[in-house]
Student: 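Mind looking over this structure? Questions follow.
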Amino acid sequence: MADNGANPRGPRCIALVGPFQSGKTTLLEALLARTNAIQRQGTVDAGTTVGDASKEARHHKMSVEVTVATTRFMDDDYTFLDCPGSVEFVHEMRAALPAVDAAVVVCEADERKVSQLQLVLRELEDLKIPRFLFLNKIDKADRRVRETLKLLQPASRARLLLRQIPIWKNEIITGFVDLALERAFVYREHVPSEVVPLDGEDLSREKEARFTMLETLADHDDELMEQLLEDIPPPRDKVFDDLAKEQRDGLICPVLIGVATRTNGALRLLKALRHETQGVAETAKRLGVKSGNDPVAYVIKTFHTAHGGKLSVARVLAGQVGDGTTLNSPAAEAGRVSGVLKLVGQVTEKRGPAMAGETVGLGKLDHAKTGETLSAGKKVHPPVAEVAPFAPVLALAISAKDRKDDVKLGLAFTKLVDEDPSLSVHHNPETHEIVVWGQGEMHLRVATERLADRFGVAIERRTPSVGYRETIRKSITQRGRHKKQSGGHGQFGDVVLDIKPLPRSAGFAFEEKITGGVVPRNYIPSVEEGVIDGLKHGPLGFPVVDVAVALTDGSYHAVDSSDMAFRIAGRIGVVEALPQCSPVLLEPIHTVEIVCPSEATAKINAILSGRRGQILSFDTREGWEGWDVVRAKMPESEIGDLIIEVRSATAGVGSFTFKFDHMAELTGKQADQIVAARRAAAAE
């Protein structure tokens, strides 16, 4: 397609998404090299790429957060968002996607990654984001491109439409034919491809593949269908217009091919993005943002820099945002912008005000959060998107090695959760544990590494405590008596308690059946408080539940009795009674719902059975072709590291949610081991 000069669509924001290890970071490097944003293309293995520049990403050789890089191509600005492919860091992608104009889905001809590809495409489809599929590592493919498309098609609701076909020579791919341009190109490593004559077998293959492409486009264009039926070659501009329109409408997903490590295919991808992707006007319309002078921006990502403070990466959807602009979110005032920055990975550069379409870093917006919509008009702009993190699936109990770092740890957690909302931190008042919840083993590992590396907090990590309880099987009547004389006023409290078990999940009940005033009414609340104290730690070492206690008798002293004396008496009565009531351990049982590809369902059933799970049902996942939902009841102690096995059995894509259901008795060797461990811990 001929270049028509300046592009009216303005600055664009493009997401690079796709399965784990498909080559997104390498493709970003190729695009930056092709546009002269960097002098030399780096590699992931050498740790020299613009993306994956954090210490954690370098160490694990994987993307753990969004990388933002702005460059220019043919006088237009483009910001590329390199998004992690691992399901454990998928919230980084999900939070960034609402404000992008288009996405490049990077994948390869790997049957094991089809389910991962489906997860990515589903997000784009639901958000109605136009997309290209970049079939990477084409030089290593062990099957023909058409076979690959058949393999990948089940992952996409839209038709995967082949835009390019490879040129083969001695079973090696040496270039490609662009079916829309009707031109052949031969790859040249790290330089633009060379146009070559299209003839012989390549011409024959091109005609067949181009006709197939046009037939697909004609399914939604009657005029094109008539031209094909009458054997009239459609104008090239007509073909490009149809490609752009049907992609924008979500009817097709054009497929390009290349080798990112050699920059093969990067230039053609850039030109496709230039001519066939919409601009910020269409994106703003999709998000319900009206064009005007009032600034509106969407926060894609939050960083806490070592020296510059908080940095909010935002896409300006309308108006202009400059140094000093005061922005508000629907929740509160986000703050006053202190510096507008251009971003190329971790390299920042001060710049002037950002116009609609530009993606920039905004400094010192202390109250802005990832996923929020910021505005500066008279009325606060409503949210353009709601991106809630997926439910967490793995937890760690974390504490500072040195108690003097407790405050520092709390501040570090605040910043971590601000940067990554898919992390959550809770304080367990019963065990006094700080429990961090995340999306998987690697997700939590990266979080703990950041605590040490970025915030200088040495930590200890362990498995969180399970919420065991205990109850009783027998009833008893027990006297609790507290008497102490130490000169002057003494302490005296005397109660008689009827203690009996309640049905499961009934909780705790207290009543008084005092007659004759043997325990004055003003002391009865203190007796109840003492009973509650005594139930906090039962004879097995756990809180006692499903118990009814009745105060039936007692005595008092006119001088020595007090609220404290009767509280102690109530506690003594319960503590002495419980060991005689046949105490039994209770463990929490949760309802678990696992989603997985259908071919992994049998493995999931085996995993559940091996973890004392009771399978309730399994069914097809509504709206997800080739996926199942398995429901089961499972002890909380077995859920702890369940996600590790689930991900292993499902090529990294399975997940689950869980919800407390009931408490169940646990007896035998396992119960004895739990009680012994509790007592050993208490003795330390």
Side-chain angles (χ1 to χ4, degrees), residues 15-24 60 62-64 83-97 103 105-127 131 133 135-136 148 151-158 160 253 387-394 422 437-446 592-608 611 613 618-632 639 641-658:
L16 304 180
V17 299
F20 177 55
Q21 292 185 331
S22 56
K24 298 176 294 297
H60 297 293
M62 65 181 293
S63 298
V64 298
C83 301
S86 168
V87 69
E88 298 191 25
F89 299 95
V90 72
H91 186 72
E92 293 279 323
M93 176 193 77
R94 296 178 69 239
L97 284 182
V105 184
V106 186
C107 70
E108 54 189 304
D110 188 342
E111 191 172 7
R112 296 168 298 178
K113 294 186 178 181
V114 173
S115 295
Q116 294 180 41
L117 178 63
Q118 187 177 9
L119 291 179
V120 173
L121 287 172
R122 180 56 56 92
E123 291 286 342
L124 298 172
E125 291 163 355
D126 289 347
L127 291 171
R131 51 211 170 269
L133 193 147
L135 190 56
N136 193 24
T148 298
L151 174 73
L152 302 180
Q153 183 61 64
S156 174
R157 289 169 169 171
L160 297 181
C253 175
V387 187
F390 289 136
V393 293
L394 189 64
S422 64
W437 283 92
Q439 303 298 319
E441 188 178 25
M442 183 59 72
H443 187 215
L444 291 177
R445 184 181 301 172
V446 167
V592 180
E593 186 172 286
I594 299 178
V595 293
C596 63
S598 300
E599 63 266 20
T601 301
K603 293 180 182 178
I604 295 300
N605 289 340
I607 290 170
L608 292 173
R611 289 175 173 262
F618 66 90
D619 202 351
T620 57
R621 187 181 184 187
E622 186 176 354
W624 287 73
E625 183 181 351
W627 282 68
D628 288 340
V629 180
V630 182
R631 298 176 181 86
I639 294 175
D641 60 354
L642 173 63
I643 190 62
I644 297 173
E645 275 199 90
V646 168
R647 294 263 164 81
S648 176
T650 60
V653 297
S655 194
F656 66 85
T657 56
F658 62 95

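This chain uses plain numbering: 1 for the first residue, then up along the sequence. All heavy atoms count here, side chains included; hydrogens, waters and symmetry mates do not.
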Student: Could you work out, with side chain to side chain donor-acceptor pair (under 3.5 Å) as the rule, every residue matching Trp437, not counting sequence neighbours?
Tutor: none
Student: Can you confirm whether Lys113 sits close enough to Phe20 that some side-chain heavy atom of one is under 4.5 Å from a side-chain heavy atom of the other?
Tutor: no
Student: Counting C-beta onward and ignoring hydrogens, is there a side-chain heavy-atom pair between Phe656 and Val393 closer than 4.5 Å?
Tutor: yes
Student: Any donor and acceptor pair, going by atom type alone, linking the side chain of Thr650 with main-chain N or O of Val646 inside 3.5 Å?
Tutor: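 Judged by distance alone, yes, a pair lies under 3.5 Å.
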Student: Among all residues two or more places apart in sequence or in another chain, which pass the salt bridge (charged side-chain N to carboxylate O under 4.0 Å, His left out) test with Glu123?
Tutor: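 For Glu123 the salt bridge (charged side-chain N to carboxylate O under 4.0 Å, His left out) partners, ignoring immediate neighbours, are Arg94.
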Student: Has Lys24 got a side-chain atom pairing as donor or acceptor with Gly18's backbone, closer than 3.5 angstrom?
Tutor: yes
Student: Run the side chain to side chain contact (heavy atoms under 4.5 Å, CB included) test on Leu135 and Cys107 for me, step by step, so that the C-alpha distance in whole Å, both residues' side-chain angles and the decisive distance to 0.1 Å come before the verdict.
Tutor: CA-CA 5 Å; Leu135 190 56; Cys107 70; 4.0 Å; yes
Student: Who passes salt bridge (charged side-chain N to carboxylate O under 4.0 Å, His left out) against Glu645, sequence neighbours left out?
Tutor: Arg611
Student: If you take all heavy atoms of Ala109 and Thr148, which pair is closest and at what distance?
Tutor: CB-OG1, 3.5 Å
Student: Tell me if a side-chain donor or acceptor on Ser22 pairs with a main-chain N or O of Val106 at a distance below 3.5 Å.
Tutor: yes
Student: Looking at Gln153, I'd like to know if its CD atom is crowded, meaning that more than 12 non-hydrogen atoms belonging to other residues, nucleotides or ligands lie closer than 6.0 Å.
Tutor: yes
Student: May I ask you to test the Arg631-Phe618 pair for a side-chain heavy-atom distance under 4.5 Å?
Tutor: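 Not touching, per the 4.5 Å side-chain cut-off.
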Student: Rounded to the nearest 0.5 Å, how far does CZ of Arg122 lie from CG of Leu127?
Tutor: 12.0 Å
Student: Can you name the closest pair of heavy atoms from Leu608 and Ala632 and give their distance?
Tutor: CD1-CB, 3.9 Å
Student: If you take all heavy atoms of Gly23 and Asn136, which pair is closest and at what distance?
Tutor: CA-ND2, 3.7 Å
Student: Val653 and side chain to side chain contact (heavy atoms under 4.5 Å, CB included): which partner among Val114, Val87, Leu117, Leu119?
Tutor: Leu119
Student: Shortest non-hydrogen contact from Gly654 to Ile643?
Tutor: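 Gly654 and Ile643 have their closest heavy atoms at O-CD1, 3.9 Å.
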Student: Determine whether more than 12 heavy atoms belonging to other residues, nucleotides or ligands lie under 6.0 Å from atom CD of Glu599.
Tutor: yes
Student: How many angstroms lie between atom CH2 of Trp627 and atom OG of Ser598, to the nearest 0.5 angstrom?
Tutor: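 Between atom CH2 of Trp627 and atom OG of Ser598 there are 9.0 Å.
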Student: Please list, chain by chain and in numerical order, all residues satisfying salt bridge (charged side-chain N to carboxylate O under 4.0 Å, His left out) with Asp628, sequence neighbours excluded.
Tutor: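 Partners of Asp628 by the salt bridge (charged side-chain N to carboxylate O under 4.0 Å, His left out) criterion come out as none, since no residue qualifies.
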Student: Which atoms form the tightest heavy-atom contact between Leu133 and Leu160, and what is the distance?
Tutor: CD1-CD2, 4.1 Å
Student: Would you say Thr601 and Val630 make side-chain contact, with heavy atoms under 4.5 Å?
Tutor: yes
Student: Between the main-chain N or O of Arg157 and the side-chain N or O of Glu125, is there a donor-acceptor pair closer than 3.5 Å?
Tutor: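 Answer holds: yes.
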Student: For Gln118 and Trp624, does a side-chain donor sit closer than 3.5 Å to a side-chain acceptor?
Tutor: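 On atom types as modelled, these side chains do not qualify, holding no pair under 3.5 Å.
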Student: What's the spacing between Leu642 CG and Ile594 CD1 if we round to 0.5 Å?
Tutor: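 Output value for this atom pair is 5.0 Å.
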Student: Look up atom CD in Gln439 and atom CD in Glu88, then write down how far apart they are to the nearest 0.5 Å.
Tutor: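 These two atoms lie 8.0 Å from each other.
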Student: Output yes when a side-chain donor or acceptor of Ser422 lies under 3.5 Å from a complementary backbone atom of His91, and no otherwise.
Tutor: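 It does not hold such a pair.
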Student: Which atoms form the tightest heavy-atom contact between Val64 and Glu92, and what is the distance?
Tutor: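 Residues Val64 and Glu92, closest heavy atoms: O-CG, 4.1 Å.
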Student: Among all residues two or more places apart in sequence or in another chain, which pass the side chain to side chain donor-acceptor pair (under 3.5 Å) test with Ser156?
Tutor: none
Student: Thr657: which residues meet the side chain to side chain contact (heavy atoms under 4.5 Å, CB included) condition with it, sequence neighbours left out?
Tutor: Ala391, Glu593
Student: Only one of Cys83, Ser86, Ser63 passes side chain to side chain contact (heavy atoms under 4.5 Å, CB included) with Met93; say which it is.
Tutor: Cys83
Student: For residues Met62 and Met442, determine if any side-chain heavy atom of one lies less than 4.5 Å from a side-chain heavy atom of the other.
Tutor: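 They are in contact (side-chain heavy atoms under 4.5 Å apart), so the answer is yes.
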